[in-house]
Undergrad: 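There's a structure below that I have some questions on.
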Amino acid sequence: MADQKKRVPDKEGVLDSYVYDNEGIQVLAKIYTKGGEFVPQYEVNVRELSEGTRLVLNTLKGELITTVKLDITDIIDPKKRDEVRNKFELRANFLLSKHFPTLSEADKKVLTAYLLQNSLGLGELEPLMHDNALEEVAINTSSEPVWVYHKKYGWCKTNVQLKSEEAIYDVSAMIGRRIGKQINTLNPVMDAHLSTGDRVNATMFPVSSFGNTITIRKFSRNPWTIPYLIELNCISPQVAGLIWLCIQNELSLLVAGGTGSGKTSFLNAISCLIPANQRIISIEDTRELTLPTFLQWVPMVTREPNAEGKGEITMLDLLVNSLRQRPDRIIVGEVRKQREAEILFEAMHTGHSVYATLHADNAAEAMTRLTTPPISMPKESLSALAGVVVQFRHRRLNIRRTLEFAEVQKGGDINSLYRWDVKSDKINEVGKMVTLAATLSLYSGLTQREIDSDVADKAKIFSWMVKKGYKSVNSVGALVSQYYMNPDAVLSLAAKNADWGGPE
């Protein structure tokens with residue numbers, strides 16, 4: 001929580017408290033235990049407005065929305081998000097100056113943020129959306145508080161509660177309208193996303209028996225990178241170095257794991273290791289990946305059919321289309337169906353490097369999932385994959401770890417090279433590289449000794465990045481690209497533990 005200031009707990013029962021910024025509004029978050037409750041309580045305290053001020057602001061909100069002229073494409077285009085926001089902000093400042101001429105600049109800033117969040121944002125949910133320590137925001141019904149999933153404390157009850165089922169529906173309908181989707185009696189289930197990339201699922205009563213629901217999976221504002229994962233002890237520098245070597249030599253990898261294990265986040269992390277002189281096509285159901293800004297990257301997303309059942313663009317459509325765009329690397333959000341897998345492996349066999357995710361709890365199960373219905377790929381074709389990385393979420397300890405890294409042998413069998421040990425909380429070497437070493441030798445001419453030396457060098461670079469705090473997507477991507485151009489220079493910086501003059 002880089003942008004959040006820690007506070008010392010100030011009373012018995014308080015587990016944690018900190019202040020964070022909600023677009024100009026300071027919010028105090030307090031997590032504490034409460035008698036008779038089995039889960040922690042998450043309390044947000046924001047600057048309260050008087051009822052009179054609130055009524056005036058609600059009137060101004062109506063005027064703000066009607067006087068700012070926007071086309072529907074301005075609202076749904078994520079590239080125009082800042083432009084739309086600036087238009088609203090200028091108009092809000094004008095209206096506040098007109099109605100509250102004696103208002104101080106500090107107070108005006110707070111009221112402007114309130115107006116913007118109630119016009120463009122999610123109203124009462126906005127404070128929760130700006131706490132980077134939260135992964136999930138869940139509304140189960142209007143008769144109980146909103147729940148959040150905290151990175152450190154797990155599921156917590158909040159002091160935020162929507163007043164009625166209609167209020168919940170209004171929020172979900174507003175989210176849907178902004179991306180051209182509907183939720184109503186005929187379509188009571190909706191998958192959507194916010195302009196910030198956060199994923200939204202909404203359901204309506206009686207499909208959800210207790211009432212209308214909204215579940216928001218928050219999009220990481222600071223996407224995971226390999227140095228960040230090493231710092232969290234999610235992966236070791238040695239295993240990360242081997243994965244880097246595979247990506248450098250254009251070998252295809254599969255990232256497997258259970259729900260919430262960090263598959264897509266890990267996929268994002270390894271995507272930063274792709275050379276800058278290659279063309280990348282990514283295919284997702286909802287935009288989640290964030291790659292370095294200087295890469296040649298074409299992100300593509302699927303589209304559901306409209307109310308008449310027309311206009312659907314499936315992952316298969318995008319996969320087939322991507323092969324006509326001369327990609328060097330193809331990144332796929334998740335493989336679910338046979339035809340998708342067939343095109344994916346066809347791409348591998350025709351010389352494209354492919355990285356994708358799959359639901360599976362270990363490497364052996366990943367191979368089983370690929371070779372049994374509904375995917376049903378021939379086992380012999382799986383050797384186009386170089387390796388399988390398995391991500392694991394230990395719910396009791398509330399940690400994520402790289403559980404396993406395995407090479408895929410000829411014929412589709414797997415050979416585990418590294419595996420996480422829960423007792424020592426370390427990733428241990430459990431097997432010797434065979435097929436992967438032969439493949440690397442074939443395409444790069446490296447001997448086993450040279451492979452070991454190269455992996456060790458890359459591990460040193462990762463460890464140096466961690467020490468120096470080079471963990472952002474752009475800084476990691478830039479350092480990796482610098483390494484591809486001049487490996488000795490980057491290795492020298494790492495060996496000397498020297499500072500690098502690139503982007504932070």
Side-chain angles (χ1 to χ4, degrees), residues 58 61-62 64-66 68-78 80-81 84 88 115-129 136-149 158 160-219 259 284-288 300-318 333-334 336-337:
N58 283 336
K61 174 188 165 185
L64 181 63
I65 292 170
T66 54
V68 177
K69 302 299 181 187
L70 291 173
D71 190 78
I72 186 66
T73 54
D74 295 332
I75 298 172
I76 65 176
D77 187 351
K80 294 185 178 179
R81 181 170 174 260
V84 169
F88 269 82
L115 273 174
L116 287 175
Q117 292 186 354
N118 280 273
S119 303
L120 296 175
L122 301 179
E124 293 173 81
L125 300 179
E126 279 294 325
L128 303 177
M129 299 302 297
E136 209 98 19
V137 177
I139 303 168
N140 299 330
T141 172
S142 61
S143 62
E144 66 177 54
V146 175
W147 288 70
V148 292
Y149 191 91
T158 73
V160 179
Q161 187 167 348
L162 271 69
K163 296 179 178 63
S164 64
E165 295 301 309
E166 288 74 23
I168 299 174
Y169 170 76
D170 288 343
V171 172
S172 56
M174 177 265 292
I175 291 169
R177 280 196 301 273
R178 288 179 181 173
I179 59 167
K181 290 192 174 184
Q182 291 184 343
I183 181 166
N184 50 40
T185 309
L186 288 176
N187 302 291
V189 176
M190 180 183 74
D191 280 314
H193 62 271
L194 303 177
S195 60
T196 49
D198 304 300
R199 283 189 301 183
V200 181
N201 175 271
T203 66
M204 281 184 65
F205 175 85
V207 169
S208 42
S209 301
F210 289 171
N212 300 332
T213 76
I214 300 174
T215 308
I216 304 172
R217 168 73 61 87
K218 289 182 63 188
F219 179 75
T259 302
E284 302 173 89
D285 285 326
T286 303
R287 265 289 313 280
E288 291 183 90
M300 305 181 77
V301 291
T302 60
R303 187 175 71 188
E304 291 184 0
N306 62 14
E308 288 80 37
K310 296 177 181 178
E312 182 180 19
I313 304 294
T314 66
M315 192 167 279
L316 178 60
D317 295 329
L318 294 178
E334 188 180 341
R336 299 188 188 93
K337 299 175 183 175

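Computed over heavy atoms, backbone and side chain alike; hydrogens, waters and symmetry mates excluded. Because the structure is a prediction, the values reported are computed rather than measured.
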Undergrad: For E165, is there any backbone N or O sitting under 3.5 Å from a side-chain donor or acceptor partner on N212?
TA: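 Flag set: sc N212 to bb E165 pair under 3.5 Å.
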Undergrad: So which atom in I175 and which in A192 form the shortest heavy-atom distance, rounded to 0.1 Å?
TA: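 The answer is CG2-CB, 4.1 Å.
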Undergrad: CD/E334 to CD/E288 distance, rounded to the nearest 0.5 angstrom?
TA: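 Those atoms lie 10.0 Å apart.
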Undergrad: If we check side chain to side chain donor-acceptor pair (under 3.5 Å) with S208, which of these qualifies: T203, T141, N140?
TA: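 The single option meeting the side chain to side chain donor-acceptor pair (under 3.5 Å) with S208 is T203.
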Undergrad: Please round to the nearest 0.5 Å and tell me the distance separating atom CD of Q182 and atom CZ of R177.
TA: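 The CZ atom of R177 is 10.0 Å from CD of Q182, to the nearest 0.5 Å.
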Undergrad: To the nearest 0.5 angstrom, please state how far the CG atom of N187 sits from the NZ atom of K181.
TA: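 NZ of K181 is found 11.0 Å from CG of N187.
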Undergrad: Is any side-chain heavy atom of D191 closer than 4.5 Å to a side-chain heavy atom of N201?
TA: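 Yes; the side chains approach each other to less than 4.5 Å.
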Undergrad: Show your working on side-chain contact (heavy atoms from CB on, under 4.5 Å) between L128 and I216 and close with a plain yes or no.
TA: CA-CA 11 Å; L128 303 177; I216 304 172; over 6 Å; no
Undergrad: How long is the gap from OG1 on T213 to CE on M204, to the nearest 0.5 Å?
TA: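 Between atom OG1 of T213 and atom CE of M204 there are 10.5 Å.
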Undergrad: Got a donor-acceptor contact below 3.5 angstrom from the K218 side chain to the V137 backbone?
TA: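 The answer is no, because no donor-acceptor pair under 3.5 Å joins these two groups.
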Undergrad: Is there a donor in the side chain of D285 and an acceptor in the side chain of T302, or the other way round, less than 3.5 Å apart?
TA: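 Yes, a side-chain donor-acceptor pair sits under 3.5 Å.
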Undergrad: Nearest 0.5 Å, please: how far is NZ in K163 from CG in D170?
TA: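 Answer for the CG-NZ pair, D170 versus K163, is 12.0 Å.
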Undergrad: Between Y149 and R217, is there a donor-acceptor pair closer than 3.5 Å when you use the side chain of the first and the backbone of the second?
TA: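 Between the backbone of R217 and the side chain of Y149 there is no qualifying donor-acceptor contact (under 3.5 Å).
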Undergrad: Of all heavy-atom pairs between S172 and I214, which one has the smallest distance, and what is that distance?
TA: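 Scanning both residues, the minimum pair turns out to be N-CD1, 3.9 Å.
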Undergrad: Looking at P145 and T158, what are the two nearest heavy atoms and their distance?
TA: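 Closest approach of P145 to T158: CB-O, 3.2 Å.
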Undergrad: In a check of side-chain contact (heavy atoms from CB on, under 4.5 Å) between L122 and each of D198, L194, V200, which one passes?
TA: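 Exactly one pass, corresponding to L194.
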Undergrad: Would you confirm whether Q161, through its side chain, and S142, through its main-chain N or O, come within 3.5 Å as a donor-acceptor pair?
TA: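 Present.
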